[in-house]
There are 2 protein chains.
Amino acid sequence: MSKCEQCIVRQFSSLKALNKEELLRMADCKTSYTIKKGEPIFEEGETVNGVYCIKEGVCKMTKLSDNGKDQIVKLVKSGELLGQRSMISDEPANLSAVALEDMEVCFIPRSEVMGFFNNNNQFSMNVMKTICDDLKDSDSHMVNMAQKTVKQRLADTLIYLEETFGVNEDKSLHIQLSREELAGMIGTATESCIRLLSELNKLGYIALTGKKITLLDKNKLKRLQ
Amino acid sequence: MSKCEQCIVRQFSSLKALNKEELLRMADCKTSYTIKKGEPIFEEGETVNGVYCIKEGVCKMTKLSDNGKDQIVKLVKSGELLGQRSMISDEPANLSAVALEDMEVCFIPRSEVMGFFNNNNQFSMNVMKTICDDLKDSDSHMVNMAQKTVKQRLADTLIYLEETFGVNEDKSLHIQLSREELAGMIGTATESCIRLLSELNKLGYIALTGKKITLLDKNKLKRLQ
DNA sequence: TTTAAAATATGATATTTGTCATACTTTAAT
DNA sequence: ATTAAAGTATGACAAATATCATATTTTAAA
């Protein structure tokens, strides 16, 4: 069993507030999992009974819409925690978590995390601030969905992907999403997403080479109507 | 100065966890305001420095979109608190709060609420659960904005308004929103909203009499494509 | 390696939604 | 009571987006 104390990613989440003793306790009760690309960590409606700490990899948080399409609500990367809201609300998961790359995650049982939560003020404050940030992001996201065109949302999303997940040596977006997944992020039909990517490509704002997307003119992307 | 102890609406919010002593302290430091219909309680970007408890009336929480339109993110009614997220994040308001009816609200300074928050476990847990509920609602709302048609969103909203705010003796919706505000809730142009209301009226699913809207067939509204 | 399946791309077309113009109705101010 | 302003309604049209069909390319399985 690896030591949480020596795990780098805990520095990036609410867990950074835990002290040595708490970290030892956590190392003792955690379970590590390897999740293959495309596999779920948990599904909407499932009782999770703990939180997952992402050690490696990126996952999408999705929600099934009434029309049968999966909407991607957010992306979560290494260092972040999954299932905090469900833990506090003591409710089943509202979203599914599915690996976009091979992942390594650690599961920490609810009882343990709630212990930290109740006894470590800094930890609980961190968790709450994270949830508050999520709420703010979600509200803004909602307004964008309601008020912006698909083209604007695509441009916003491409810029978000570059800023959040970085680029490869050839400047292409590091994170690899299928066209269907990208459409699921911006909330549109896959064909519309592909068509708009082609359009931005022809305009010279982005470059498409195979599956790779490279942003060439972020200012023009931002100013799209 | 009226006594918080005798105020009925505190039972409906996180404040129900406060004990007698805390209620006395709150009564001592609170400020009561009357807000006229159409007036703001606070605006997006403003530092609020406390929470508002709604004693009477309903307000809309709005966010200005890049395209200049006001999106209504949620409606808040008597018994609920405003500004909890900003208080915990220690950030300016993310949304504006504007009265939809004449309102009575009480302002409780941040320092006081944070005192309760840090010393009363049940109160802080209530606040957090409220914020978690808001997050869940916001995520669902976002998916609806991304995936449902304007007509479906209008139907959903009408049903929500009836279920949340009730009806008058003549069965018409109790809450009065202008067409522009209704459009701002569903995220569409005012003309589109008016046109779709007319369509639902012609179909016999709703009745329009002056400003009043009456739902006649909720099942058919729910099943709209 | 071959081959089937999945992903990407694009055209044709239908539908939805937004915009602008204008008329009518209600509300509120003088 | 009169009048201006705001709100509601509807037509005409343009733009955005979805859907269906089909071709091409890529991926992964046998």
Side-chain angles (χ1 to χ4, degrees), chain A residues 36-39 65-71 100-102 144-158 172-173 176-203 206-214 224-225, chain B residues 36-38 65-71 100-102 144-158 172-173 175-203 206-214 224-225:
Chain A
K36 288 258 170 63
K37 179 176 176 170
E39 285 180 356
S65 171
D66 291 346
N67 66 10
K69 285 190 189 171
D70 261 325
Q71 174 70 29
L100 287 177
E101 319 168 336
D102 291 350
N144 287 340
M145 288 296 185
Q147 299 285 351
K148 291 192 175 182
T149 65
V150 174
K151 200 186 289 183
Q152 290 173 317
R153 272 142 53 196
L154 171 59
D156 287 352
T157 301
L158 292 174
S172 65
L173 295 186
Q176 290 258 5
L177 296 172
S178 69
R179 301 295 191 254
E180 191 179 1
E181 284 168 331
L182 194 53
M185 281 193 79
I186 65 185
T188 191
T190 307
E191 298 95 321
S192 299
C193 175
I194 290 171
R195 226 179 285 275
L196 288 171
L197 282 172
S198 292
E199 193 185 326
L200 296 181
N201 186 28
K202 277 170 197 147
L203 284 168
I206 67 174
L208 300 174
T209 35
K211 270 187 175 283
K212 290 187 172 176
I213 301 174
T214 310
L224 275 176
Q225 291 297 346
Chain B
K36 289 257 170 65
K37 179 177 176 170
S65 171
D66 291 346
N67 66 10
K69 284 190 188 170
D70 262 323
Q71 174 70 30
L100 286 176
E101 319 169 335
D102 291 350
N144 288 340
M145 288 297 184
Q147 299 284 351
K148 292 192 174 181
T149 65
V150 174
K151 200 185 287 184
Q152 289 173 318
R153 272 142 52 196
L154 172 60
D156 287 352
T157 302
L158 292 174
S172 64
L173 295 185
I175 191 166
Q176 291 259 1
L177 295 172
S178 69
R179 300 297 192 253
E180 191 179 1
E181 285 168 331
L182 194 52
M185 281 194 79
I186 64 184
T188 191
T190 307
E191 297 95 320
S192 298
C193 175
I194 290 172
R195 224 179 288 273
L196 288 171
L197 282 172
S198 293
E199 192 184 325
L200 297 181
N201 186 28
K202 277 169 197 150
L203 283 168
I206 68 174
L208 300 174
T209 36
K211 271 186 176 286
K212 291 186 171 176
I213 301 175
T214 311
L224 274 177
Q225 291 296 346

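Quick note on labels: first sequence line is chain A, next is B, and so on, each numbered from 1.
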Is the backbone of B:Gln147 close enough, under 3.5 Å, to the side chain of A:Asn67 for a donor and an acceptor to pair up by distance?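 Yes; at least one donor-acceptor contact below 3.5 Å.
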
Taking the side chain from A:Asp102 and the backbone from A:Lys37, do they hold a donor-acceptor pair closer than 3.5 Å?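 The answer is yes, because a donor-acceptor pair under 3.5 Å joins these two groups.
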
Under a criterion of less than 4.0 angstrom to any heavy atom of chain A, what are the 5'-terminal and 3'-terminal contacting nucleotides of DNA chain D?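 That gives a stretch of D:dT17 to D:dC20.
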
Answer whether the closest heavy-atom distance between the side chains of [X] and [Y] falls below 4.5 Å.
{"X": "B:Glu181", "Y": "B:Leu100", "result": "yes"}
{"X": "B:Ile213", "Y": "B:Leu208", "result": "yes"}
{"X": "A:Gln176", "Y": "A:Lys212", "result": "yes"}

Annotated protein contacts, base or backbone, on nucleotides 11-30 of chain C with a non-hydrogen cut-off under 4.0 Å, one of B, S, - each: BB----SBBB----------

When the distance from CG of A:Leu200 to P of C:dA9 is rounded to whole Å, what number comes out?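 After rounding, the gap between these two atoms is 12 Å.
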
Whole-Å gap separating P (C:dA7) and CD1 (A:Ile194):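 To the nearest whole Å, that distance equals 11 Å.
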
Measuring from A:Lys148:NZ to B:Met145:CE, what's the distance to the nearest 0.5 Å?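 Going from the NZ atom of A:Lys148 to the CE atom of B:Met145 covers 15.0 Å.
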
Enumerate donor-acceptor pairs with a distance under 3.5 Å from any side-chain N or O in residues 185-195 of chain B to protein atoms, sequence neighbours excluded.
none

Tell me whether B:Glu180 at atom CD has more than 12 heavy atoms from other residues, nucleotides or ligands lying less than 6.0 Å away.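 No, because the 6.0 Å sphere around CD of B:Glu180 holds 12 heavy atoms or fewer from other groups.
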
Reckon A:Thr190 touches a base, only the sugar-phosphate, or nothing at all at heavy-atom distances under 4.0 Å?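 If one applies the 4.0 Å heavy-atom cut-off, A:Thr190 turns out to touch nothing in the nucleic acid.
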
